[in-house]
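To start, the structure under review is shown below, and the notes come after it.
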Amino acid sequence: MSQFLVAIDGPAGSGKSSVSKQVARVLGFGYLDTGAAYRALAWAVQHLEGFDLDGLVNKDLHADFAYTISLNPDDYWVRVGGHDLTSAIRTPAVAESVSAVARIPQVREFMKSLTRDLVAKSELPGVIVEGRDITTVVAPDAEIKILLTAAEEVRLKRRSAELSEASAASVKRQVSERDASDSKVVDFMTPAPGVQLVDSSDLNFEQTVNAVVSLIEQFGSTKESK
Ligand code: DC
């Protein structure tokens with residue numbers, strides 16, 4: 001990948017989507033939410049003919065999963081074929097079933113090449129790519145690699161505020177239980193070598209955005225001074 005990449009991983013409720021989107025706006029970069037593709041595939045398993053969980057291992061997803069996503073932070077949308085899934089992939093039903101899809105090795109391999117293709121085809125000078133395995137598997141050579149975390153009780157509180165209708169039990173299933181399940185497949189709780197940790201437990205949204213932007217700016221100034 002020849003573009004300037006910022007890879008951001010982190011658990012559910014860490015704020016990585018909203019922070020990544022805002023950092024992309026500030027820097028004039030693209031924003032790629034990689035979890036959306038896993039969610040869209042989980043939605044397809046629930047709603048589309050020819051997609052069942054056990055069959056995903058042998059499915060040619062490159063041919064059969066017509067996935068597209070916007071990398072514009074001010075015009076975000078997600079589509080599969082003729083379906084606009086921008087809102088549908090945020091339902092509890094999808095959040096609670098997505099881990100089963102994400103743990104299939106063939107699905108992860110497909111997602112890795114899908115993500116790399118989306119970045120390359122965008123022809124954008126820079127992209128903020130966020131997910132769970134971006135710093136370690138998808139883009140380990142990214143210029144900037146960040147693990148964005150927050151204490152569990154803070155993440156639960158943030159997600160509850162976002163999902164105002166959801167019960168405490170449902171939020172816990174969508175945050176803690178999903179993380180426990182997802183982290184069996186990829187480690188997004190401890191930073192790999194070369195990955196910088198940003199703990200947002202005691203930071204508000206703006207402070208977290210500033211922390212990430214300043215890591216990127218520091219990288220630029222270190223390069224200039226070399
Ligand atoms: O970030 P999110 O909550 O939208 O992610 C949805 C699911 O996708 C999450 O439960 C784990 C999976 N995922 C993944 O395994 N690897 C990624 N790079 C991004 C998401």
Side-chain angles (χ1 to χ4, degrees), residues 8-25 30-48 51-53 56 61 65-104 107-108 110-111 114-115 118 127-134 138 148-150 152-183 185-186 188 200 205 208-209:
I8 303 186
D9 287 327
S14 60
K16 69 189 155 37
S17 298
S18 41
V19 168
S20 299
K21 217 183 243 187
Q22 184 58 17
V23 172
R25 283 191 192 105
Y31 155 71
L32 179 54
D33 161 14
T34 63
Y38 288 91
R39 287 171 177 265
L41 190 55
W43 179 92
V45 166
Q46 288 170 351
H47 295 95
L48 296 185
F51 286 82
D52 60 279
L53 192 60
L56 290 180
L61 291 169
F65 184 55
Y67 179 79
T68 46
I69 184 168
S70 160
L71 275 68
N72 179 347
D74 291 316
D75 181 24
Y76 175 86
W77 49 258
V78 176
R79 292 180 195 138
V80 170
H83 304 273
D84 185 324
L85 301 184
T86 314
S87 312
I89 58 169
R90 303 291 154 198
T91 59
V94 168
E96 289 171 23
S97 66
V98 65
S99 295
V101 167
R103 81 169 70 100
I104 301 170
V107 167
R108 303 202 68 81
F110 165 75
M111 294 297 181
L114 174 76
T115 304
L118 285 165
V127 184
I128 315 284
V129 188
E130 59 97 343
R132 302 287 191 291
D133 62 348
I134 311 305
V138 176
L148 185 60
T149 55
E152 188 180 16
E153 72 266 19
V154 175
R155 295 189 287 108
L156 284 168
K157 219 185 257 172
R158 285 182 188 155
R159 230 351 110 81
S160 300
E162 274 167 33
L163 307 166
S164 51
E165 306 279 293
S167 67
S170 171
V171 174
K172 208 159 173 35
R173 278 199 300 279
Q174 293 180 53
V175 175
S176 311
E177 290 175 26
R178 186 153 64 94
D179 281 341
S181 170
D182 292 337
S183 60
V185 187
V186 273
F188 50 82
S200 72
F205 177 70
T208 314
V209 169

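Keep in mind that this is a model prediction, so the values were computed, not measured. Just so you know, residue 1 is the first one in the sequence shown, and it goes up from there.
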Give me the ring orientation class for Tyr31 and Tyr76: parallel if the planes are under 30° apart, tilted from 30 to 60°, perpendicular past 60°. tilted

So, the side chain of Thr115 versus the backbone of Met111: is there a donor-acceptor pair under 3.5 Å, distance only? yes

In terms of heavy-atom contacts, Val80 and Ala40 come closest through CG2-CB, 3.9 Å

Short N-O contact, Asp9 and Lys16, less than 4.0 angstrom: no

Quick one: CG on Leu53 to CD1 on Ile104, what's the gap to the nearest 0.5 Å? 4.5 Å

How close do Ile89 and Val94 get, heavy atom to heavy atom, and via which atoms? O-CG1, 3.4 Å

If the threshold is 4.0 Å, N to carboxylate O, is there a salt bridge linking Glu162 and Arg159? yes

Please examine the side chains of Val98 and Asp182, heavy atoms only from C-beta on, and report whether any two atoms are closer than 4.5 Å. no

With a 3.5 Å distance limit and no angle check, can you tell me whether Arg79 reaches the backbone of Thr68 through a side-chain donor-acceptor pair? no

Scanning both residues in full, the closest heavy-atom pair of Ser17 with Glu130 reads OG-OE2, 2.8 Å

Please report the closest heavy-atom contact between Arg155 and Gly13, naming both atoms and the distance. CG-O, 3.4 Å

Any donor-acceptor N/O pair, Tyr67 side chain to Ala37 backbone, under 3.5 Å: yes

Quick check for you: to the nearest 0.5 Å, what is the distance between Tyr38 atom OH and Arg108 atom CZ? 3.5 Å

Look at the side chain of Gln22 and the backbone N and O of Phe205, then say whether any donor-acceptor pair between them is shorter than 3.5 Å. no

Minimum heavy-atom separation for Ala93 to Gln46, with atom names? O-NE2, 3.3 Å

Looking at Ile128, is its backbone amide N or carbonyl O close enough to the side chain of Ser20 to form a donor-acceptor pair, meaning the two atoms are under 3.5 Å apart? no

To the nearest 0.5 Å, what is the distance between NE2 (His83) and CH2 (Trp43)? 4.5 Å

Hey, is the main chain of Ala12 close enough, under 3.5 Å, to the side chain of Asp179 for a donor-acceptor pair? yes

Does the side-chain contact (heavy atoms from CB on, under 4.5 Å) test come out yes or no for Leu41 and Phe51, once each step is laid out? CA-CA 8 Å; Leu41 190 55; Phe51 286 82; 4.0 Å; yes

Salt bridge (charged side-chain N to carboxylate O under 4.0 Å, His left out) with Glu96: of Arg178, Arg173, Lys172, only one passes, and it is Arg173

Say whether, by atom type as modelled, one donor and one acceptor occur between the side chain of Ser14 and the main chain of Pro11 under 3.5 angstrom. yes

Derivation of the side chain to side chain donor-acceptor pair (under 3.5 Å) call for Arg158 and Ser200: CA-CA 11 Å; Arg158 285 182 188 155; Ser200 72; 3.1 Å; yes

Would you check if Val127 and Leu71 make a side-chain contact, meaning some heavy-atom pair closer than 4.5 Å? yes

Should the pair Asp33-Arg90 be classified as a salt bridge under the 4.0 Å nitrogen-to-oxygen rule? yes

Of the non-hydrogen atoms in Ile134 and Ile8, which two are nearest, and what is the gap between them? CG1-O, 4.5 Å

Approximate separation, where rounding is to 0.5 Å, of Leu56 CG and Leu61 CG: 6.0 Å

Ignoring hydrogens and angles, state whether a donor on the side chain of Thr86 or Asp84 is under 3.5 Å from an acceptor on the partner side chain. yes

